[in-house]
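Below is one structure, written out as structure tokens; the observations come after it.
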Amino acid sequence: MTKLQKELQNANMLIISPVANSKTENSLGLNYLDYIQAPEQVIKSNKWTYMNSKEGIEKKLKEKNMRLAGILTNDNIHPNDHGHYIWFEVVKEYFKLK
């Protein structure tokens, strides 16, 4: 990230959290949410622009009375077509507020 900041000083970069539903732990005892939360701390301490799309998506799903599993592919990590559309809605709303 430091290299990007030096080479693209006038660029605005937005880091967006991934979306997943996996609580399965790996051999280190970490799950997918652990891998989302760890970078958040680094991003905040460096004052990088960050959008927690996972929270936005969960809010949209609640409004639409839907479950996260219904917008993910069979791997419970990647969004399906409907999931990508909801993700787009969240990103679009983020930029409207800026």
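Position 1 is the first residue of the sequence, and the numbers go up from there. In what follows, every heavy atom counts, from backbone to side chain, and hydrogens, waters and symmetry copies are set aside.
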Main-chain N/O of [Y] paired to [X] side chain as donor or acceptor, under 3.5 Å:
X	Y	answer
Asn26	Leu28	yes
Ser53	Ile16	no
Asn80	Gly70	yes
Asp34	Asn31	yes

Original post:
Looking at residues at least two apart in the chain, or sitting in another chain, which of them share a salt bridge (Lys or Arg N to Asp or Glu O under 4.0 Å) with Glu55?
Top reply: none

**OP:** Check whether any side-chain heavy atom of His78 lies under 4.5 Å from a side-chain heavy atom of Leu72, and answer yes or no.
**Re:** no

Original post:
Are any of the side-chain heavy atoms of Trp48 and Val42 separated by less than 4.5 Å?
Top reply: yes

**OP:** In sequence, state the C-alpha distance, the side-chain angles, and the governing distance for Val91 and Met51, and then conclude on side chain to side chain contact (heavy atoms under 4.5 Å, CB included).
**Re:** CA-CA 8 Å; Val91 172; Met51 183 187 88; 3.5 Å; yes

Original post:
Which atom pair, heavy atoms only, marks the closest approach of Tyr50 to Tyr94?
Top reply: O-OH, 4.3 Å

Original post:
Which atom names give the shortest non-hydrogen contact between Arg67 and Leu61, and what distance separates them?
Top reply: C-CD1, 4.0 Å

Original post:
Looking just at side-chain N and O atoms, do Asp81 and His84 make a donor-acceptor pair shorter than 3.5 Å?
Top reply: no

Subject >> Inter- and intrachain pairs under salt bridge (charged side-chain N to carboxylate O under 4.0 Å, His left out), touching residues 84-96, at least two apart >> reply: Lys60-Glu93, Lys64-Glu89

Original post:
For Phe88, what are the other residues in its hydrophobic cluster, where any two members join if their side-chain heavy atoms are less than 4.5 angstrom apart?
Top reply: Tyr85

Subject >> From Glu40 atom CD to Asn52 atom CG, the distance as rounded to the nearest 0.5 Å >> reply: 5.0 Å

**OP:** Output the distance between atom NZ (Lys62) and atom CG (Leu68), rounded to the nearest 0.5 Å.
**Re:** 14.5 Å

Original post:
Could you go step by step and tell me if Glu58 and Lys54 meet the salt bridge (charged side-chain N to carboxylate O under 4.0 Å, His left out) rule?
Top reply: CA-CA 6 Å; Glu58 287 172 350; Lys54 184 177 183 313; 2.3 Å; yes

**OP:** Verify side chain to side chain contact (heavy atoms under 4.5 Å, CB included) between Thr49 and Ile43, making sure each step is shown before the conclusion.
**Re:** CA-CA 8 Å; Thr49 307; Ile43 291 164; over 6 Å; no

